[in-house]
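In what follows, chains are A, B, ... by sequence order, proteins preceding strands, each numbered from 1.
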2 protein chains.
Amino acid sequence: MAIPRPGKPVRGSQSGAPIMAVFDLLGRRWAMGIIWNLSRGAASFRALQGYCETISPSILNSRLKDLREAGLIELVSDGYQLTAMGEKLFQLLKPFGDWAIHWAKSVSDDDPARWDNYRTRKD
Amino acid sequence: MAIPRPGKPVRGSQSGAPIMAVFDLLGRRWAMGIIWNLSRGAASFRALQGYCETISPSILNSRLKDLREAGLIELVSDGYQLTAMGEKLFQLLKPFGDWAIHWAKSVSDDDPARWDNYRTRKD
DNA sequence: TTCGGCGCTACACTATCAGTAGCACCAGTA
DNA sequence: TACTGGTGCTACTGATAGTGTAGCGCCGAA
């Protein structure tokens, strides 16, 4: 348990605090975006690729594996969907939607060019 | 605005949706952990290094820069602290603490070894 | 039996992060 | 005046994670 497994890259919470483990899991690229998109209901691999626009299939696959192993999503007949635990997580994620809008406005009011840091292509 | 700046790696939300921009920002390693730790009050650079245990100073510095540019933290006399916007974000992050405990329990009840994915050293 | 869409993999390239050393700066102190 | 120890931060190397693209094997429809 305390020993890094050979052949597996060491990437995990090291403090042992669950919250840090969660931040590590959700801090992987696209992880929160996938959960967000699955909240509309089950989605196929290709559909998720469409929602996440620029995600590469290899990373999508690896992220889906992470989230499945974490018990947040599951494979069903019509693709992937949130588990009960994943659904609860989404409920926590939901308020970020409104906050994001206020935040985006505050950033672009303050210095429109800085918004480039977060959207660098399209629009 | 739509053009990737030369010399700067392209990493940003590409859909233009604020929520995806937020997920991109918070999806960078240690970003949420830093905000979480700053919720106890202002902290110095070295203190944050201590809280985040294994973070390297170069990444800490770069993450602090990201968060400062995003208006979530600010530099004050006794180190870094959350801005009003950052404090609001923390309020959204807070419930994750309880959820994380339930989640950690469900993962380790189900298959204790799998918990290794999230904590690979120490404990 | 071809065709197209699907989930997914392989691989080369690039970006991000870890780990470590150490610099410039400042306060205390002797 | 130097000296010492602590601080914020930078510079580098090498490792890991993510991108972009091509394409495999499978399956259902025509």
Side-chain angles (χ1 to χ4, degrees), chain A residues 4-15 20 23-34 37-38 42-69 73-81 116-118 120-122, chain B residues 4-15 20 23-34 37-38 42-69 73-81 117-122:
Chain A
R5 272 95 47 95
K8 253 213 139 181
V10 172
R11 179 171 191 184
S13 162
Q14 280 136 28
S15 68
M20 286 303 168
F23 288 162
D24 179 62
L25 179 66
L26 297 183
R28 298 174 193 185
R29 207 170 179 196
W30 298 109
M32 290 187 286
I34 289 170
N37 282 309
L38 282 180
S44 68
F45 191 94
R46 297 254 164 161
L48 284 169
Q49 260 189 295
Y51 297 154
C52 298
E53 303 204 25
T54 61
I55 195 174
S56 64
S58 45
I59 288 304
L60 176 55
N61 189 43
S62 131
R63 213 51 71 235
L64 289 171
K65 186 167 167 255
D66 294 343
L67 296 173
R68 244 184 305 159
E69 286 179 353
I73 66 175
E74 61 193 345
L75 198 45
V76 291
S77 62
D78 42 349
Y80 294 89
Q81 74 177 15
D116 287 0
N117 289 339
Y118 316 106
T120 45
R121 285 200 295 236
K122 294 193 177 167
Chain B
R5 272 96 46 97
K8 251 213 140 181
V10 172
R11 178 170 192 184
S13 161
Q14 281 137 26
S15 68
M20 287 302 168
F23 288 161
D24 179 63
L25 179 66
L26 298 183
R28 298 174 192 185
R29 208 171 178 194
W30 298 110
M32 290 187 286
I34 289 170
N37 282 308
L38 282 180
S44 68
F45 191 94
R46 298 254 163 164
L48 283 169
Q49 260 189 293
Y51 297 154
C52 298
E53 303 203 25
T54 62
I55 194 172
S56 64
S58 46
I59 290 303
L60 176 55
N61 190 44
S62 132
R63 212 54 69 236
L64 289 171
K65 187 167 166 256
D66 293 343
L67 296 174
R68 243 184 305 158
E69 286 178 354
I73 66 175
E74 61 192 345
L75 199 45
V76 292
S77 62
D78 43 349
Y80 294 88
Q81 74 177 17
N117 289 339
Y118 316 106
R119 48 199 265 241
T120 45
R121 284 201 296 237
K122 293 192 177 167

* Asked: If we only count heavy atoms from C-beta on, is the A:Y51 to A:L38 side-chain gap below 4.5 Å?
  -> no
* Residue-phosphate contact under 4.0 Å: A:R63 side-chain N/O, D:dG18 OP1/OP2 -> yes
* With a 4.5 Å heavy-atom cut-off, do A:L67 and A:Y80 have their side chains touching? -> no
* Report the distance from atom CG of B:D24 to atom P of C:dA15, rounded to the nearest whole Å. => 15 Å
* Listed by chain and number, what are the side chain to side chain contact (heavy atoms under 4.5 Å, CB included) partners of A:A31, not counting sequence neighbours? -> A:R63
* **Test item: B:D24 side-chain N/O and B:M20 main-chain N/O as donor-acceptor pair under 3.5 Å** => no
* Structure fact -> Rounded to whole Å, the CG-P distance (B:L60 to C:dA18) equals 10 Å
* Once you round it to whole Å, what is the distance between C1' of C:dA18 and CD of B:E53? -> 15 Å
* Asked: Which letters describe nucleotides 7-12 of chain C, given B = protein heavy atom under 4.0 Å from base, S = only from sugar-phosphate, - = neither?
  -> BBBB--
* Under 4.0 Å between a side-chain N or O of A:R29 and OP1 or OP2 of D:dT19? -> yes
* Counting only N and O atoms by type, is there a donor-acceptor contact under 3.5 Å from the side chain of B:N61 to the main-chain atoms of B:P57? -> no
* Asked: B:I59 has an atom CD1; how far is it from atom P of D:dT16, in whole Å?
  -> 15 Å
* Asked: Could you state the CZ-C1' distance from B:R28 to C:dA18, rounded to the nearest angstrom?
  -> 18 Å
* Expressed in angstrom and rounded to an integer, what is the separation of B:L25 atom CG from C:dT16 atom C1'? -> 15 Å
* Is the shortest heavy-atom distance from the side chain of A:R29 to the side chain of A:I59 under 4.5 Å? -> no
* Structure fact -> Atom NZ of A:K65 and atom C1' of D:dG18 are separated, to the nearest Å, by 16 Å
* Considering only heavy atoms from C-beta outward, does the side chain of B:T54 approach that of B:W30 to under 4.5 Å? -> yes
* Distance test, side-chain N/O of B:W30 to OP1/OP2 of C:dA18, below 4.0 Å -> yes
* For B:I34 and C:dC17, what is the distance between atoms CD1 and P respectively, to the nearest whole Å? -> 11 Å
